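Read the structure below first, then the notes.
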Amino acid sequence: MTILDCAGKTVDLTRPRIMGILNVTPDSFSDGGDFVSREAALERARAMVEEGADLLDIGGESTRPGALAVSEQEELDRIIPVIQAIAAEIPVPISVDTNKAVVMREAVMAGAGLINDVMALRDEGALAVAKTLGVPVCLMHMQGQPRTMQKNPQYQDVVSDVTAFLQSRVNACLAEGIPRERLLLDPGFGFGKSLQHNLTLLRQLDRFSELQLPVLVGISRKSMIGAVLDNIPVDQRLPGGLACAVMAVERGAAIVRTHDVKATAEAVRMAHAVMASAEQE
Ligand code: 8Y7
C-alpha cells in the first residue's frame, strides 16, 4: 500500500489518482501576482477539487515546445501568492511544477507538498534542495531542452532508453539521501518524442513497473492527440485524452495529470472499477 506524504497532506495510491493542472502564466488565464488573478486561481482550484482532483499541479513557467524560459523572480512572483492562497484553504496536496531549486524551496515554504520537475532534479542545487525539503518528487524524462526538443528526437528503444534515464535519476536521488518512498516517475509524453515514440511509450507503459515506483502520466490535450486525430485543435482533444488516460491506468499509472478533471476522474474511476472487479472473484 503506497501512501504519499505531501508535507502532511496525504494521497493514497492504492487506486489511480487525478492531478489537476493550474497554469499561472500570462498565456493562460492570469499572471498570478495581483489579487484578481489570485482569486481566479483559487476559484479554479476549488472547482477542480469539486470535480475530483486529488492533487493540484501549479506552474508558472510554460514548458511547451518552443516556450522561452522565465526568470526565477518572475516565476516566484507568479506562483508563490497563488500557492499560499490555495494551501491555506484547499485540503488536497499542491504540487509545484518547476525545475529551479530556489522556486522549489519557496513553493514548499508557501505550502506546496510535492515537486514536479520536468528536468528530474538535474538543475544546479535541485537534488540538495529536494532532499532538505523532504517532500515527494516526480522525476520526468525529457530529451533535449524545451526550445528544441521536438526537432529530431532519437532513441534506440524508447522505453528502454527512458527507463535507463529514470533509473539513473533514481540512483542520483538515493545517493543524495532522498528516500525511495519519496519518488515518482514520469516518461514525459511530448518531451523530446515523435508521435511514434509517444504511442510506444503509452502502449508499453507497463514496462515501467519494473522500476517499482508510482508512475505519473501527462497526456492531456497534448499534440500526440492532435497528430492522431487529423490535427484537431487543443480544445477538442478531450475524447482522445480520455482514451489515453484509461489505457495508462490499465497499464499501471498511479496518477493522471489533466486539464479536464471531471471527465478524466470519471473515466479513470470507471476503468479502475473494471480492473478491481477481479478481486471479487
Ligand atoms: C508534463 C508535466 C507538463 C507531464 C509531468 C503540458 C509540467 C506540458 N507536461 N509534468 N508538465 N508530466 N510530470 O502540456 O507530462 O501540460 S507541461
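Values below: every heavy atom of this structure, side chains too, minus hydrogens, waters and symmetry copies. Just follow the structure's listing: the first ligand is 1, and inside any ligand the first atom is 1. Nothing here was measured: the structure is a model prediction, and the numbers come from that model.
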Discussion item. A side-chain contact here means heavy atoms from C-beta on lying under 4.5 Å apart; do Asp97 and Arg257 qualify?
Written reply: yes

Worksheet item: So how far is it from Ser71 OG to Leu76 CG, rounded to the nearest 0.5 Å?
Response: 8.0 Å

Discussion item. Give me the nearest non-hydrogen protein atom to atom 8 (C) of ligand 1 as residue plus atom name, then the distance to 0.1 Å.
Written reply: Lys222 CE, 4.0 Å

Worksheet item: So which heavy atom on Met104 is nearest to which on Ala126, and how close?
Response: CE-CB, 4.0 Å

Worksheet item: Going by the atom numbers of ligand 1, which of them fall below 4.0 Å from some non-hydrogen atom of Phe191?
Response: 1 (C), 3 (C), 9 (N), 17 (S)

Discussion item. Between Arg46 and Glu43 (salt bridge meaning N to carboxylate O under 4.0 Å), is one present in this structure?
Written reply: yes

Worksheet item: Roughly how far apart are Ile219 CD1 and Asn198 CG, rounded to 0.5 Å?
Response: 8.0 Å

Item to complete: Please determine if Leu216 has a nitrogen or oxygen closer than 3.5 Å to a nitrogen or oxygen of ligand 1.
Response: no

Worksheet, complete the sentence: Ranked by distance from atom 17 (S) of ligand 1, the top protein heavy atom is Thr63 OG1, 3.2 Å

Discussion item. I need the nearest protein heavy-atom contact for atom 10 (N) of ligand 1: residue, atom name and distance, please.
Written reply: Asn116 ND2, 3.1 Å

Item to complete: From the options Leu139, Val217, Asn23, Asp97, select the one whose nearest heavy atom is closest to atom 7 (C) of ligand 1.
Response: Asp97

Which pairs would a plain distance check flag for residues 236-247, meaning a side-chain donor or acceptor within less than 3.5 Å of a matching protein atom at least two apart in sequence or in another chain?
unit_1 : atom_1 : unit_2 : atom_2 : d
Arg237 : NE     : Ile232 : O      : 3.0
Arg237 : NH1    : Arg221 : O      : 2.9
Arg237 : NH1    : Lys222 : O      : 3.4
Arg237 : NH2    : Ile232 : O      : 3.1

Could you give the side-chain donor-acceptor pairs of residues 108-115 under 3.5 Å, partners two or more places apart or in another chain?
none

Item to complete: Report yes if Asp186 has an N/O atom closer than 3.5 Å to an N/O atom of ligand 1; otherwise report no.
Response: yes

Discussion item. Please list, in number order, the atoms of ligand 1 under 4.0 Å from a heavy atom of Val118.
Written reply: 2 (C), 7 (C), 10 (N), 11 (N)

Response to the item:
min-distance protein heavy atom vs atom 3 (C) of ligand 1 -> Arg257 NH1, 3.4 Å

